[in-house]
Amino acid sequence: MAVSAARQRRPPAADRDAPSSSSDRYSKEDKGEKKEEERVGVGWLLPALALGLLRHMSATSNIIHDCDEVFNYWEPLHYLLYKSGFQTWEYSSEFALRSYLYIFFHALVAGPASLIYSEEKVRVFYSVRLFLGLVSTFTDTVLVVALSRKYGKRLAWYTLAMLCLTSGCFFASTSFLPSSFSMYAVTLSSALFLLQKYAMAVSVAAAGVIIGWPFSILVFLPITFYSLSRGGFKKVFLSGILTSVLILAFSLLADYYCYARWTSSVFNLVQYNVSGGGQSHLYGTEGPLFYFRNGFNNFNFCFILALLFLAILPIARKKYAPDLLIVVSPMYIWLAFMSLQAHKEERFLYPIYPLICIAATAVIDSFPDLFRDKYAVEDTLIVQIAKGLRPVFLGLILCASHSRTFSILNGYSAPLEIYKHLEHHGDAGTGSVLCVGSEWHRFPSSFFVPSYVSEVRWVDDGFRGLLPFPFNSSFGGMGAAPPYFNDKNKASGDQYVKDTEVCTFFVELDLKRPFPARGTDLSTWETLAAIPFLDRELSPATYRSFFIPYKWQEKNVFGLYKLLKKIPKSGQAQT
């Protein structure tokens, strides 16, 4: 017993070396403190405030990037509130490809807002946008907190900066699109997965697929499979199934109420695009590199670093594998899958935008690991330089993003701003007609058209595809299956106004071309407002560059977006 006690009291050989002993004790204490600090992580307040400020800026200044956002989502919402608006063929009861449940979700905010603001429809528009910004703020904040608790504060703060300032996230966060809703769901589901809330992560994934975009199921597969294996298969499976059944039931009821027949828009959309031989290529095709160019356009060097995430895993696998790899892997799956499709649109990448930010941040955070010698006691000079380069790279990405974001807002906001001038010309009288020609695809929705304008009509300027028609109550409103709709993108003879003499107002883009525009006929039209506009079709090289000057000089303006008003003929009284 005495010998045993003596052996216990005798310090080990390693402990007899005082410096080494001190170092070991410090190392253990330091590691314990570091683990405790990482467990606590970033607080909720600062990320929420930063994201809230940037999302508010996005909600109030964001342009509309896609005409589908207007005609497939803003217009049906406008019809629900005011019983007027445009209907696309996808909302014909014959095809029923769009879910009204997604519209009703936003009507929870738009409905009360329409009662509060009465005829000020533009305020209702921005109320919905602010709601979208609030949802994005919440999901992104949860993600930042989850990253901080799992991987430390640096990764969380860098990701927060990316989420706040990269152009892609700034624009997508307040877009009224199912792909944006799926992006919210991807963000929240990823955060819950990192927080080990596996059942909730799968339930959120189910909501993102059914309420948002059915094809985004590919983005949720890795988290779903790993959640089933980690969180208890029965518990996670039942959570996902019950959530899916409940939301599908609400979707069926919403579609029955609006389409006036039992149908599932989720099933119809999948059938049209997969087993039904969908012809989305009728609406434009792009090459296989489109999304890579587009990703660089919206995220600049952040996108390149994100693609390099797999390359740094052999060095940083102890830090990021497997959980962060599981979270980021859908980025590669989605890019590969979508690049194989002929029809491509920028909004199709929205679901993976937060994953791009996470992957790029992880690569920046791992810069020193690329040069660190695991046998070295202290960091070498090159490792210290790599540490210093982390904020430099982050700053470069954010500066480039800032340049692009504010340049796009400055160069392309004219379509939103020009329609706001209509509310100052109510003297034109009730029953006025607003005509739009080749600029139909930049129409910002009926929320920008005052009530004294009774109709918005399209003027034939050469477009030969199928245009939206006003919801027709005589055919049954939302439950109508009008004969002029088809799924072949074939123009209808009734989609254009026959006589432009009925037009009270006209919106056009004057590109200073050799042939005269309507606005040059001063005997017929007077210009009420003209706003500088950079036409992307005229100058694609300038549009694709992310370094665009913030302030536009007159020599850089390629067009003027104009609101014209018809001058009454001599002897003709204006209504």
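Hydrogens, waters and symmetry mates are skipped; everything else that's a heavy atom, side chains included, is used. Keep in mind that this is a model prediction, so the values were computed, not measured.
Counted within 6.0 Å of NZ on Lys197, heavy atoms from surrounding residues, nucleotides or ligands total 12 or fewer; the atom is thus considered open. Other residues, nucleotides and ligands place more than 12 heavy atoms under 6.0 Å from the CG atom of Leu398. Crowding of Phe225 atom CZ: a count of heavy atoms from other residues, nucleotides or ligands under 6.0 Å not exceeding 12. For CZ of Phe237, the number of neighbouring non-hydrogen atoms (other residues, nucleotides, ligands) closer than 6.0 Å is 12 at most. Surrounding NE2 of His343 are more than 12 heavy atoms belonging to other residues, nucleotides or ligands, all under 6.0 Å away.
Closest non-hydrogen pair, Asn268 versus Ala96, comes out as ND2-O, 3.0 Å. Contact detail for Lys319 and Tyr151: the closest heavy-atom pair is O-CE2, 2.9 Å. Closest non-hydrogen pair, Ala206 versus Thr243, comes out as CB-CG2, 4.2 Å. Minimum interatomic distance between Phe220 and Ala205 (heavy atoms only, all atoms of both residues): CD2-CB, 3.3 Å. Across all their heavy atoms, Phe125 and Ser445 have their closest contact at CD1-OG, 4.2 Å. Heavy atoms only, all atoms of each residue included: Arg98 and Tyr73 are closest at NH1-OH, 3.3 Å.
With sequence neighbours excluded, no residue forms a ring-ring contact (aromatic ring centres under 6.0 Å, His included) with Tyr158. Listed by chain and number, the residues in a ring-ring contact (aromatic ring centres under 6.0 Å, His included) with Phe290 amount to none (sequence neighbours excluded). Under the side-chain contact (heavy atoms from CB on, under 4.5 Å) criterion, Ile382 pairs with Phe371, Thr380, sequence neighbours left out. Applying the side-chain contact (heavy atoms from CB on, under 4.5 Å) criterion to Ser251, with sequence neighbours excluded, gives Ser99, Leu101, Asp255, Ser265, Val266. In terms of the side-chain contact (heavy atoms from CB on, under 4.5 Å) criterion, residue partners of Ser179 (sequence neighbours excluded) are, by chain and number, Leu177, Trp213, Arg347, Tyr350, Pro351.
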Could you go step by step and tell me if Tyr320 and Val328 meet the side-chain contact (heavy atoms from CB on, under 4.5 Å) rule? CA-CA 10 Å; Tyr320 302 133; Val328 169; over 6 Å; no

### Task
Apply side-chain contact (heavy atoms from CB on, under 4.5 Å) to the pair Cys169 and Phe299, showing each step before the final yes or no.
CA-CA 9 Å; Cys169 291; Phe299 290 91; 4.0 Å; yes

Would you check, one step at a time, whether the test side-chain contact (heavy atoms from CB on, under 4.5 Å) holds for Leu269 with Phe215? CA-CA 9 Å; Leu269 182 63; Phe215 298 105; 4.1 Å; yes

Next item on the list: I would like to know whether Phe170 and Leu409 meet side-chain contact (heavy atoms from CB on, under 4.5 Å); could you show each step before the answer?
Entry: CA-CA 11 Å; Phe170 185 89; Leu409 295 179; 4.0 Å; yes

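Using cut-offs of 30° and 60° for the angle between ring planes, the Phe171 and His65 rings count as tilted.
No side-chain heavy atom of Val70 sits less than 4.5 Å from a side-chain heavy atom of Arg442. Contact check for Glu286 versus Tyr291: no side-chain heavy atoms found under the 4.5 Å cut-off. Taking 4.5 Å as the limit, some side-chain heavy atom of Pro47 sits within range of a side-chain heavy atom of Leu160. Side-chain contact between Leu195 and Met200 is absent, with no heavy atoms from C-beta onward closer than 4.5 Å. Put simply, the side chain of His402 does not reach to within 4.5 Å of the side chain of Leu165, judged on heavy atoms. By the 4.5 Å heavy-atom criterion applied to side chains, Trp74 and Val128 are counted as neighbours.
Residue pairs that meet the salt bridge (charged side-chain N to carboxylate O under 4.0 Å, His left out) test with at least one member in residues 221-243, sequence neighbours left out, are Arg230-Asp323. The stretch residues 216-228 participates, sequence neighbours left out, in these side chain to side chain donor-acceptor pair (under 3.5 Å) pairs: Ser182-Ser216.
To the nearest 0.5 Å, the span separating CD1 on Ile364 from OG1 on Thr361 amounts to 6.0 Å. If you take OG on Ser148 and CH2 on Trp157, they are separated by 8.5 Å, rounding to the nearest 0.5 Å. Annotation: the span from Leu289 atom CG to Asn294 atom CG amounts to 12.0 Å, rounded to 0.5 Å. For the atom pair Leu324 CG and Ser329 OG, the distance stands at 9.5 Å (nearest 0.5 Å). Note: Ser366 OG to Leu155 CG = 8.5 Å, rounded to the nearest 0.5 Å. If you take CG on Leu325 and CZ on Arg317, they are separated by 12.5 Å, rounding to the nearest 0.5 Å.
Formation of a donor-acceptor pair under 3.5 Å by the Thr166 side chain with backbone atoms of Leu163 is not found in this model. Checked by atom type and distance alone, the side chain of Lys150 never pairs as donor or acceptor with a backbone atom of Leu194 at under 3.5 Å. The main-chain N or O of Phe296 is never found under 3.5 Å from a side-chain atom of Asn300 such that the two would form a donor-acceptor pair. Checked by atom type and distance alone, the side chain of Thr174 never pairs as donor or acceptor with a backbone atom of Leu132 at under 3.5 Å.
Looking only at atom types and distance, the side chain of Ser167 has a donor-acceptor partner in the side chain of Thr405 under 3.5 Å away. Looking at Ser175 and Ser180, their side chains never bring a donor and an acceptor atom within 3.5 Å of each other.
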Would you mind writing out the side-chain donor-acceptor pairs for residues 333-341 within the sub-3.5 Å range, not counting sequence neighbours?
| from | atom 1 | to | atom 2 | distance (Å) |
| --- | --- | --- | --- | --- |
| Trp334 | NE1 | Phe348 | O | 2.8 |
| Ser339 | OG | Leu335 | O | 2.7 |
| Gln341 | NE2 | Phe337 | O | 3.1 |

Pair up each side-chain donor or acceptor in residues 384-397 with any protein partner under 3.5 Å, not counting sequence neighbours, and list the distances.
| from | atom 1 | to | atom 2 | distance (Å) |
| --- | --- | --- | --- | --- |
| Lys387 | NZ | Asp379 | OD2 | 2.7 |
| Arg390 | NH1 | Asp365 | O | 3.2 |

Please tabulate, for side-chain N and O atoms in residues 134-144, each donor-acceptor pair with protein atoms closer than 3.5 Å (sequence neighbours left out).
| from | atom 1 | to | atom 2 | distance (Å) |
| --- | --- | --- | --- | --- |
| Ser136 | OG | Arg55 | NE | 2.9 |
| Ser136 | OG | Asp140 | OD2 | 3.4 |
| Thr137 | OG1 | Gly133 | O | 2.8 |
| Thr139 | OG1 | Val135 | O | 3.3 |
| Thr139 | OG1 | Ser136 | O | 3.1 |
| Asp140 | OD2 | Arg55 | NH2 | 2.8 |
| Thr141 | OG1 | Thr137 | O | 2.6 |

Anything under 3.5 Å between a donor and an acceptor, one on a side chain of residues 302-315, the other on a protein residue two or more places apart or in another chain? List them.
none

Would you list the atom pairs, donor with acceptor, under 3.5 Å between side chains in residues 183-191 and any protein atom, with sequence neighbours excluded?
| from | atom 1 | to | atom 2 | distance (Å) |
| --- | --- | --- | --- | --- |
| Tyr184 | OH | Ser173 | O | 2.6 |
| Thr187 | OG1 | Met183 | O | 2.8 |
| Ser189 | OG | Ala201 | O | 2.9 |
| Ser190 | OG | Val186 | O | 2.7 |

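For Phe176 and Phe131, the distance between ring centers is not under 6.0 angstrom.
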